[in-house]
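One structure is given here, and the rest of the page talks about it.
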Protein chains: 2
Amino acid sequence: MNIGQASELSGIPSKTIRYYESIGLLPAPARKDSGYRDYSTPEIETMRFIQRARNLGFAIKDVNELLDLWNDTHRTSAQVKALTKRHIDEIESKINELESMRNTLVTLSDKCHGDDRPDCPILEDLASL
Amino acid sequence: MNIGQASELSGIPSKTIRYYESIGLLPAPARKDSGYRDYSTPEIETMRFIQRARNLGFAIKDVNELLDLWNDTHRTSAQVKALTKRHIDEIESKINELESMRNTLVTLSDKCHGDDRPDCPILEDLASL
DNA sequence: TTTGACCTTCCAGTCTCTAGAAGGTTTATA
DNA sequence: TATAAACCTTCTAGAGACTGGAAGGTCAAA
């Protein structure tokens, strides 16, 4: 099948499929006489795997590792769990950082009149007058 | 003062100060005979303003707007508050996205033995068998 | 046959820096 | 005074993960 249909079935835009191929995340598919890429079902499965992993926030490098583990019958579930734990830890530290920002911003915002007057605690805090 | 000291006082790396200048976030400072950049106190204040805004997650474009508002005596606090609210909304949607990822990952991870066996609900979910 | 929807490659841009190269200047020490 | 160390300069390229656009080839239907 053409890249357009592969895109629809996998949920990955055609451009991104080509990009994934260019960085080696996806193997180069067969080509038709026209030069068009020609995908088959197992390749679509791989794309869906990639798409789900990306939706869970795994970096491309991690997705690559997950694909390797997926294809390795000698993998241990400990390996997968360790990779996932690392990722969870990263997500949680990002959440904490964002929550801290949000708390500061909400506190400042609540103190700001938000009317026609120029005085504003948000700017004052940034300038730390 | 030299860029090194400006960097220490503002908390912004020298390289980043030059980068901010190159994109017009910071005005080009005076130069000494040697060609070295020569900063004075008000410029450090601007840098600190920028650094605090960046630490609160404002994008460069937003920092630029905040600087303009800071320097505009005819600004209204409503303008600042609106910009801040936009930013808070963005942060909250990122937090929600990350929390949703984390919840899924934790659920899957909890079901994974994490031992020497190869079977793993995390991979199974990604492959959606 | 021609139109429109596909497909191809390649280059550039996004965002916010950061590393490194190659070289000039200043300061401190031997 | 010589020289080494610590600064500073500009420039280019790379990170991560795409996305847009240009210029052109292919295919299916009217």
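Atoms considered below: every heavy atom in the structure, side chains included; atoms not considered: hydrogens, waters and symmetry mates. Residue numbers begin at 1 in each chain, while the letters A, B, ... track the order of the sequences.
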Which nucleotide span of DNA chain D, 5' end to 3' end, has atoms closer than 4.0 Å to non-hydrogen atoms of chain B? D:dC7 to D:dT10

How many Å lie between [atom1] on [X] and [atom2] on [N], as a whole number?
X     : N      : atom1 : atom2 : result
B:M1  : C:dT27 : CE    : P     : 15 Å
B:F58 : C:dT16 : CZ    : C1'   : 17 Å
B:N64 : C:dC15 : CG    : P     : 13 Å
A:E21 : C:dC7  : CD    : P     : 14 Å
B:K32 : C:dT26 : NZ    : P     : 8 Å

Before giving the answer on side chain to side chain contact (heavy atoms under 4.5 Å, CB included), spell out for B:T76 and B:Q79 the whole-Å C-alpha distance, their side-chain angles and the decisive distance to 0.1 Å. CA-CA 5 Å; B:T76 67; B:Q79 290 175 286; 3.2 Å; yes

Write out a two-atom table: protein N or O, nucleotide N or O from nucleotides 4-6 of chain C, distance below 3.5 Å.
from	atom 1	to	atom 2	distance (Å)
C:dC6	O2	A:Y36	OH	3.2

Does a nitrogen or oxygen in the side chain of B:Y20 sit under 4.0 Å from OP1 or OP2 of C:dT16? no

Contact under 4.0 Å: B:T16 side-chain N or O vs C:dT18 OP1/OP2: yes

Please step through side chain to side chain contact (heavy atoms under 4.5 Å, CB included) for the pair B:L25 and B:Y19, ending with a clear verdict. CA-CA 9 Å; B:L25 183 62; B:Y19 166 70; over 6 Å; no

Whichever of B:R54 and B:S34 has its nearest DNA chain C nucleotide further upstream toward 5': B:R54

I'd like a list of close polar pairs between nucleotides 9-14 of chain C and the protein, N/O only, cut-off under 3.5 Å.
from	atom 1	to	atom 2	distance (Å)
C:dT9	OP1	A:R31	NH1	3.4
C:dT9	OP1	A:R31	NH2	3.1
C:dT9	OP2	A:R37	NH1	3.0
C:dT9	OP2	A:R37	NH2	2.9

With rounding to the nearest 0.5 angstrom, report the OG1 to OH distance, A:T46 to A:Y20.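 A:T46 atom OG1 to A:Y20 atom OH measures 13.0 Å (nearest 0.5 Å).
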
Give, for atom CG of B:L105 and atom CD of A:E92, the distance between the pair rounded to the nearest 0.5 Å. 9.5 Å

Exercise: identify the closest heavy-atom pair between B:C120 and B:C112: SG-SG, 3.6 Å

Closest heavy-atom contact between B:F49 and A:A127?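 Minimum heavy-atom separation between B:F49 and A:A127: CD1-N, 3.7 Å.
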
Quick one: salt bridge (charged side-chain N to carboxylate O under 4.0 Å, His left out) pairs with a partner in residues 8-19 of chain B, sequence neighbours left out?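 For residues 8-19 of chain B, and leaving out neighbouring residues, there are no salt bridge (charged side-chain N to carboxylate O under 4.0 Å, His left out) pairs at all.
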
Residue pairs passing the salt bridge (charged side-chain N to carboxylate O under 4.0 Å, His left out) test where at least one lies in residues 33-56 of chain A, sequence neighbours excluded: A:E21-A:R37

Does the side chain of B:S77 come under 3.5 Å of the side chain of A:D119 through a donor N or O and an acceptor N or O?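 Distance-only check fails for B:S77 and A:D119.
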
Mind running side chain to side chain contact (heavy atoms under 4.5 Å, CB included) on B:I95 and A:K94 for me, showing each step along the way? CA-CA 8 Å; B:I95 290 174; A:K94 264 187 214 158; over 6 Å; no

Could you pull out every donor-acceptor pair under 3.5 Å between side chains of residues 55-63 of chain B and any protein atom, sequence neighbours left out?
from	atom 1	to	atom 2	distance (Å)
B:N55	ND2	B:Q51	O	3.4

